[in-house]
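Input: a single structure, listed below in structure tokens.
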Amino acid sequence: MSSSDMPKAYNPKDFEDRIYKYWMDNGCFKPKEEGKDPFVIVIPPPNVTGVLHMGHGLNNILQDVLIRYHRMNGRPALWVPGTDHAGIATQNIVEKKLRAKGIERHELGREKFVEETWKVKEEHHAIIKKQLQKIGSSCDWSRERFTLDEGCSKAVREVFVGLYERGLVYKGNYLVNWCPSCGTALADDEVEHQEIDGKMYHYYYPFEDGSGKIEIATTRPETMLGDTAVAVNPEDERYSGLIGRKVRLPLTDRIIPIIGDSYVSMEFGTGAVKITPAHDPNDWDIGNRHNLEKINILNDNATLNDNVPEKYRGLRVKDARKAVIEDLKAEGLYIKDVEHSHQVGHCYRCNTVVEPYLSKQWFVSMKGMAEKALNAWEKEELIFYPRKWENTYKHWMNTIRDWCISRQLWWGHRIPVWYCDDCGEMIVAREAPEVCTKCGSSSLTQDNDVLDTWFSSWLWPFSTLGWPGKTDDLKRFFPTSTLVTGYDIIFFWVSRMIMASLEFMEEVPFKDIYITGLVRDKQGRKMSKSLGNGLDPLEIVDEYGADALKFTMTFLSAQGQDILIDTESFKLGSKFANKVWNASRYIMMNVEGRNIIPFEKIELKEIDKWILHRLNESIKSAESAIEVYRFNDFAQAGYEFFWNDFCDWYIEASKISLYSSDEKEKDRAISMLVYVLEQALKFLHPYLSFITEEIYQKLPQTEGSLITAEYPKSCGQNNYPETDESFTLLQDLIRGIRTLRSEFTIPPEKKIPVTVFMESSFKAEKFFISHKSLIAQLVNTDNLVLTTEKPSIDGSVASAGTGFEAYVFIRDVIDIEKEVAKLRKEQQKMAQMIKQTEGKLKNGKFLSNAPDDVIEKEKSKLAEFTERAEKVSFYINELG
RNA sequence: GGGCGAUUAGCUCAGUUGGGAGAGCGCCUGCCUUACAAGCAGGAUGUCGGGGGUUCAAGUCCCUCAUCGCCCACCA
């Protein structure tokens, strides 16, 4: 092994692609054949519409961290990749593309259009897959799925028909949310409400008998053409006696009744409401209660249809509104309009204003399934991280409404329902029927509509494993372990997966649900195309490498917290990877020509025990962090160990041995370094995947790949608390002396005498003495005295630790004023601490209520502060 | 209108059962010390949003106010 194997500069481009290929070629991403208790994640399938943004990046990085951690811990680890056909979103993109070429989808025809869409799908799929691979996602590509592939389609038909057979799928004529631009119905959740500054229009409806008129107020005057009643609150004294009378609907020749309904608020508007059952959800309910006629006045593109007087036909809603207002004015019925801001529904895909629209649609009855899902949560079969999202889940399940699943689109799973052209029979079937089950006619037409995208994704955790087939994968890997996703799709997706799974698999699809934060820019704004503040994961990989991306995102993933980043943020990970690279290079350089001793045969010195103890403690904290999805703590444990303990202390200390002439000691020291590095690489692998693999394979005495190596576990064996305690004191000593040197600006190369006085009770006396040369090296002195005799402090400045004091002789360079000022500051601090501690100890209540160990601690603190205060006063006198 | 969350160093944020305030970046000082200047050593900086309460003890628990954010909701 030669150091030339490691280039001087860390350059991730040199090896990341090669390493990923190595993993692929060696089947490293497949779950191992043997072994129980598999760890399974199915990817939240990205939409094939787009490319991955940083939100996806975060999501997949965290999944990868989990998968890699559990894979190394010996569990068969499976991460199923896949993509979503994303019905409306994809169809919109393809339509836009065609429109740019001057082609409308209807000109093309359904078949050709779908063909075109598959092409677009393939293009985007290739990009997405490449992106996931670039960031190192260790998914099992041999099991990749797509929501529209044959297996998923089979699952979809099975579920549709299954629910139909259970009476949970039904077709009905209902008021749905209609997107005139997409030309399809939307589910309630797909409507986004936005605050719009609109107007409230006031005008009169005259009584039929000409005896007067009633003032109504509305935000949507054009819908009056579909009015079938005027409603007032029966309690409203202003209108008492009017209920049951009739008004003439202006601009039309219709006569409609005045009805009483407690829904109408007496405080709002005029207290009289026009009722349009076919175009407003509330009016719909009122219409049902009062058995009113429902007049649909719109076409599916939001123009007015033939149910309105001829002059309004074909007008768009906006224009119809103007026309209606003009005509009301002309008839002298118009009163006024007032500013009024209110919530208006918009399509979540194209942002068009959504119209309540009467049409025939397919629905899933949700209440029963929601109850089961709620029940599973109450029994703690599901846990959200962080738990606060359980409120959201609960609330949604409690207020759930039936799910409109039909979409008037071409891209998606076609509804498995056929109609007989001859007798009109409706046939709901898993496979296309040959002939009508009623009349035997072979002239059948399939329902034109497709299913909501989520109707395939809600089956994802089991359809991807082969359901409805009884596959080995399904048996072995279902239910899955953890779902990692964003909070924006708890309703759309998470909740529905739980319901589908309980319904068809009779158990929850996953136990843990980790909800990631949202990725935002440094100003806290959502990343969006229009703001141009989005970050492309691939650009980050290009600039800093995938490991920098992965580490940074993991390190910043505090549970329940959004992540604010810009390009600069990734320097954090980049620097860390660089540090790992260089520390490894240092070790590799010193491996050359040395005899590497197996760890079991290395004779451990105190400092070796110390680093083993630190490693052990760090692993322990990493273990407990990942257990509860505290990714930031998980990453921080590795970061601090590697940088602060291993590099800053252990490697620095190793230089004494490695640069000595003691060949045996050199062998011993490098063997320890290699061993600890190997453990550290394993430790860091979940988030520094490429670089650790690259280095691991260059280490002496390693075989195979790191990705499938065994993760280090915390254990009792590497537990050396006394050594750790002593070493901490030694660090205090060295830092104290360095601080003095720095404060008095003693040039680094200048060696000055140091005397360390250790009190008789000092616990680490032996430890200090045995590490004398190390101390001397790290504080740069050639005259170090360790003594238990009180030394003279003449010409020195001092640094105090617990049980010892270090005197740095600096007569030649001392700045008395500076030193005195510093001591005064410390004197004040000590006085304050003493006051605080004494206060507690004089407090009878404290003494009687606080636990003994706390009281003891306070006492020893007081002693410590008092002693220090005395010393400080003494120094001030001496110097001043 | 209902619900949830946030407010800690200049910035972004940790702080897990209440027990002597932390990290990264930035800033200041000194160093190109034979792994790393993407580095090393050292340093400064906080009435933990305001007010009240519980407690021997509050960044941590309770109440209240303020500011910001998110989600849900049919007031025409």
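From a predicted model like this one, the values you see are computed outputs, not experimental measurements. In what follows, chains are A, B, ... by sequence order, proteins preceding strands, each numbered from 1.
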Name the pairing partner of G39(B), where a pair is Watson-Crick or G-U wobble with both distances under 3.5 Å, or state none.
C31(B)

If I take atom CZ in residue F570(A) and atom C1' in nucleotide C25(B), what distance separates them, rounded to the nearest angstrom?
14 Å

Can you tell me how far P in G42(B) sits from the matching atom in C13(B), rounded to whole Å?
29 Å

Does T739(A) put a side-chain nitrogen or oxygen below 4.0 Å from OP1 or OP2 of G43(B)?
yes

Would you indicate, yes or no, if A35(B) has its OP1 or OP2 atom less than 4.0 angstrom from a side-chain nitrogen or oxygen of Y659(A)?
yes

Below the 4.0 Å mark, does C25(B) have OP1 or OP2 next to a side-chain nitrogen or oxygen of K575(A)?
yes

If I take atom NZ in residue K840(A) and atom P in nucleotide G20(B), what distance separates them, rounded to the nearest angstrom?
6 Å

Whole-Å distance, K388(A) NZ to C72(B) P, equals 14 Å

Think H193(A) has a side-chain N or O under 4.0 angstrom from the OP1 or OP2 of C71(B)?
no

Partner of U45(B) under the Watson-Crick or G-U wobble criteria, both distances under 3.5 Å, comes out as none

Kindly give the atom pairs (protein nitrogen or oxygen, nucleotide nitrogen or oxygen) under 3.5 Å for nucleotides 29-33 of chain B.
none

Only pairs with both distances under 3.5 Å count, Watson-Crick or wobble alike; so what is the partner of G69(B) in this structure?
C4(B)

What is the distance, rounded to the nearest whole Å, between atom CD1 of I834(A) and atom C1' of G20(B)?
13 Å

Identified pairing partner of G19(B), criterion: Watson-Crick or G-U wobble below 3.5 Å
C56(B)

Side chain N843(A) and base C56(B) donor-acceptor under 3.5 Å:
no

How far, in whole Å, is G52(B) from C25(B) if one measures between their P atoms?
38 Å

Does either side chain, that of T223(A) or that of K274(A), offer a donor lying less than 3.5 Å from an acceptor on the other one?
yes

Kindly say if N282(A) contacts the phosphate of C74(B), meaning a side-chain N or O under 4.0 Å from OP1 or OP2.
no

Quick test of your reading of the model: are R387(A) and E390(A) salt-bridged, counting only N-O distances below 4.0 Å?
yes

Classify the side-chain pair Y263(A)/D285(A) by whether it contains a donor and acceptor separated by less than 3.5 Å.
no

Rounded to whole Å, the CD1-P distance (I737(A) to G43(B)) equals 14 Å

Separation between the P atoms of A35(B) and G24(B), rounded to whole Å
24 Å

Between W284(A) and R401(A), is there a cation-pi geometry (under 6.0 Å to ring centre, at most 45° from the normal)?
no

Say you pick atom C1' in U29(B) and the same atom in G69(B); how far apart are they, in whole Å?
41 Å

Options G20(B), C36(B), C13(B), nucleotide nearest the side-chain atoms of K861(A)
G20(B)

Euclidean distance for P, A23(B) against C63(B) (whole angstrom)
33 Å

Any idea which of A73(B), A38(B), A76(B) is nearest the V264(A) side chain?
A76(B)

Please confirm whether the ring centroid of F551(A) lies under 6.0 Å from the ring centroid of Y639(A).
yes

Quick one: F642(A) CZ to A23(B) P, roughly how many Å, whole number?
21 Å

Per nearest nucleotide of RNA chain B, the residue lying toward the 5' end, V628(A) or F846(A), is V628(A)

To the nearest angstrom, how far is W643(A) atom CH2 from C36(B) atom P?
14 Å

K8(A) vs C36(B): side-chain N/O to OP1/OP2 distance below 4.0 Å:
yes

Among the nucleotides C72(B), C75(B), C36(B), which one has an atom lying closest to any side-chain atom of H395(A)?
C72(B)

So does E652(A) reach the base of A35(B) with its side chain, donor to acceptor, closer than 3.5 Å?
yes

Any side-chain donor-acceptor pair under 3.5 Å between D337(A) and H202(A)?
no

Can you tell me if R630(A) touches the phosphate of G15(B), counting only side-chain N or O atoms and a distance under 4.0 Å to OP1 or OP2?
yes

Would you please confirm or rule out a distance under 4.0 Å between OP1 or OP2 of A35(B) and any side-chain N or O of K655(A)?
yes

Would you mind reading off the distance between E222(A) atom CD and A76(B) atom C1', rounded to a whole angstrom?
13 Å

Considering only atom P, compute the distance from G1(B) to U17(B) and round it to an integer number of Å.
35 Å

Looking at the base of C36(B), is there any donor atom on it, or on the side chain of K579(A), that sits under 3.5 Å from an acceptor on the other one?
yes

Taking the nucleotide of RNA chain B with the closest heavy atom to each, which residue, R738(A) or K829(A), is nearer the 5' end?
K829(A)

Compare the minimum distances between each of U12(B), A76(B), C56(B) and the side chain of T219(A), then state the nucleotide with the smallest one.
A76(B)

Thinking salt bridges, do D782(A) and K751(A) make one under a 4.0 Å N-O criterion?
no

Partner of G24(B) by Watson-Crick or G-U wobble geometry, both contacts under 3.5 Å, or none?
C11(B)

Would you mind telling me which of C72(B), A41(B), C36(B) lies closest to the side-chain atoms of D648(A)?
A41(B)

What integer number of Å spans the C1' atoms of A73(B) and G10(B)?
41 Å

Donor-acceptor pair between K394(A) and T392(A) side chains, under 3.5 angstrom
no

Under 4.0 angstrom, heavy atoms only, what part of the nucleic acid is F576(A) near: base, sugar-phosphate, or nothing?
nothing

Under 6.0 Å between ring centres: does that hold for F634(A) and Y629(A)?
no

State whether a side-chain donor-acceptor pair under 3.5 Å links N288(A) with K294(A).
yes

Could you work out the separation of U55(B) and G30(B) based on their C1' atoms and round it to a whole Å?
48 Å

Run the numbers on Y203(A) and T218(A) for side-chain hydrogen bond (donor to acceptor under 3.5 Å, both in side chains), then give the verdict.
CA-CA 9 Å; Y203(A) 49 86; T218(A) 179; 5.2 Å; no

